[in-house]
Number of protein chains: 2
Amino acid sequence: MKALSIKDIALKANVSITTVSFIINGKAKEKSISDAVIKKVQKIIIDSGYKPNQIARSLRTGNSNIIGLIIEDISNSFFSRIARLIEDKAYKRGYKIIYSSTENNVEKAQELINLFKSRKVDAYIISPIKGIEEDIQLLLNEHKPVILFDRNLPELNTNYVGANHFVASYQGVESFIRQGKKSIALVTIDIDVQQIIERYEGYKKALIDYAIPVDEELVLKIPFNQPEVETIKQIKHLFKAKKIDAVLFATNYLAISGLKVLKQINKKIDDQFAVIGYDDHEAFELHTPSISTIQQPLEEIAETIIKLILNQLSSKTKLPDQQIIIPAKLILRK
Amino acid sequence: MKALSIKDIALKANVSITTVSFIINGKAKEKSISDAVIKKVQKIIIDSGYKPNQIARSLRTGNSNIIGLIIEDISNSFFSRIARLIEDKAYKRGYKIIYSSTENNVEKAQELINLFKSRKVDAYIISPIKGIEEDIQLLLNEHKPVILFDRNLPELNTNYVGANHFVASYQGVESFIRQGKKSIALVTIDIDVQQIIERYEGYKKALIDYAIPVDEELVLKIPFNQPEVETIKQIKHLFKAKKIDAVLFATNYLAISGLKVLKQINKKIDDQFAVIGYDDHEAFELHTPSISTIQQPLEEIAETIIKLILNQLSSKTKLPDQQIIIPAKLILRK
DNA sequence: TTGATATACTAAAACGTTTTACTTAAAATT
DNA sequence: AATTTTAAGTAAAACGTTTTAGTATATCAA
């Protein structure tokens, strides 16, 4: 049983395909189709359950009403939450989102961009990784709206929405210092992306501003994409080797691993030892004691991204690029 | 700068479009195209960076190498983890996944099915809700492979992959009873889907088998989709109103809410009070004490789903429907 | 030498839309 | 009465592929 086509509808209504198309696309008035015909065709469409073939439509028009979302890993709660928010907001405005994970793998990211490109998505929301600058530049050359988020690629002239990681990280460390901490560790990730570097810079700047010597041995850079057991081993080693009274984790999964270590070595979080996580996670609030964290304003980030996209899609001329930095919030928990 | 088309390649190579198409699709040998021509065309394709337009391809062939995944909520870790696994496995076999959340909203689910249908996805993986039986039946009528997972719709003749919730729930309660618990609560969700009902049935059966009277007041059915504050209120009320020594939560987010309540009312999990969650969650392991849980074998579920789909896609005849029930595992933690 | 078969390739239809550039008749304007 | 404008619609091209049904030449078997 083949699906109905516009031809079938035209046949049934005894009008031309063109007329049906005009009616479907709301151009009936402007193309001076009579009310009687409009009514008749609309009734047939409803009764028959006809749905236009979007593939044919896309082939003809070159667009799709679909926005492609490329993220690092959908199973990370930061990304899945933001994906959900973006999806909701886009949906309300008549756009669908399709998303896929890169796993921080350059080839996979490139393939995804090509997949989305060949599917003619109207715009791209990308949490990028180093190595895909050229591929993104190609999108920009084709005048496709591209919004980077979470991580910026400064060499690219496009839009970016992200949190102020430098300030957030600075404030986290500052709060440690105000509690009288002196030996403050940073567990971060060994990857050359701007937002991670900013977190490190914020950490360093705070120490310097408060005249605390920066000890590089207190900075643990976890290799990217390594199995969690390894990460746990390294964090455990740091905690044992150095006398530490506070630790800032640069991502939520590092913090989760860190909390597992604390549990394993039976080290308590208390007046002697403080922890701040990043990006929040349900486990943080629930933990005993609750874990303070640097919270990115997901709702606001999602909203900003969607607004930027829609502005661009509705404007015929290229809008100026915007770099929107949204403050992150330090949530202190006891 | 328009994208290259097959026509451009044909022109450059001084051959027909047909020849190029055969070469692209690996049919050159079978269509007896000479090696020299194959080489020449392939070189031009590589050098020019030509990528076939998938939309045109889909329009012509009616398929897309894309599998549609429809889930309840991508921000729920059960779904985001399984989405990630499915994505990985499909990707390795040359299929892409596009996914979207229904939020348990019938209309949204229907729209998504229509979206995917109009995008000509080759197969559907659906975590269904009541009310979309007809829409799914339409897919089946069109002979599209459909795999339901997590929840079954028994009135539909199609494939299903899910965990054995009845047994899992039974075993959870049984383990409570073996610990000497008598007043065992179930916090579940008020929704008419099979896998949730099974969890309730397993709970009841275990109590009956061990001659413990079933007290309906110990079963809290949380309305679906209500804000978490409400849920917390209701659980708090249950814990205060009744003398309870064990509680089984029927989903991971209910367990999370329950743990928040325990924290708020400062009730400890210890020899006097036991908790089992469902579907696992990073917070469970990290919690002090760690929370036991009923773990669905995500990896196995994902693998089974993909296998079923690929079998169907590669078979010309309709394969018999399969209902695959995979045991869930009770993970006891201290 | 003739008909069959293999080799090497191609023209054109088809997929289902949108959109441009018409046509035809009626109404309005001069 | 002749011309212009408006109303109501339509034919056909175009989007970029895949695939069917060829064609033309060379080779082979009888």
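What's counted below: heavy atoms across the whole structure, side chains too, no hydrogens, waters or symmetry copies. Being a predicted model, the structure only gives us computed values, none of them experimental. Within every chain, numbering begins at 1; the chains are lettered A, B, ... in the order of the sequence lines, protein sequences first and strands thereafter.
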Given [options], identify the nucleotide with an atom nearest to the side chain of [X].
X	options	answer
R60(B)	dT18(D), dC15(D), dT10(D)	dT18(D)
I33(A)	dG9(D), dT19(C), dC9(C)	dG9(D)
L59(B)	dT18(D), dC15(C), dC9(C)	dC15(C)
N53(A)	dT17(C), dT17(D), dT7(C)	dT17(C)
T61(B)	dT18(D), dC9(C), dA13(D)	dT18(D)
I6(B)	dT17(C), dC15(C), dT18(D)	dT18(D)
P52(B)	dG9(D), dT17(D), dG16(C)	dT17(D)

Verify the contact: side-chain N or O of [X] to OP1 or OP2 of [N], cut-off strictly under 4.0 Å; return yes or no.
X	N	result
S34(B)	dC9(C)	yes
Y50(A)	dG16(C)	no
K29(A)	dA7(D)	no
S16(A)	dT10(D)	yes

Near-ring test F149(A)/Y160(A), centroid separation under 6.0 angstrom: no

Within this structure, what is the [atom1]-to-[atom2] distance between [X] and [N], rounded to whole angstrom?
X	N	atom1	atom2	answer
I55(A)	dT17(C)	CD1	P	11 Å
I23(B)	dA8(C)	CD1	P	13 Å
K7(B)	dT17(D)	NZ	C1'	12 Å
K31(A)	dT23(C)	NZ	C1'	15 Å
K120(B)	dT18(D)	NZ	P	17 Å
N14(A)	dT10(D)	CG	C1'	13 Å
I38(B)	dA8(C)	CD1	P	10 Å
I17(A)	dA21(C)	CD1	P	19 Å

Test: [X] and [Y] ion pair at under 4.0 Å:
X	Y	result
E72(B)	K108(B)	no
E87(B)	K96(B)	no
D35(B)	K39(B)	no
K89(B)	E300(B)	no

Side chain of [X], base of [N]: donor and acceptor closer than 3.5 Å?
X	N	answer
R57(A)	dT17(C)	no
S32(B)	dA8(C)	yes
T18(A)	dA11(D)	yes
T19(A)	dA8(D)	no
S5(A)	dT17(C)	no

Touch class at under 4.0 angstrom, heavy-atom based, for S21(B) against every strand present: base

Side chain proximity check, N53(A) to K120(B), heavy atoms < 4.5 angstrom: yes

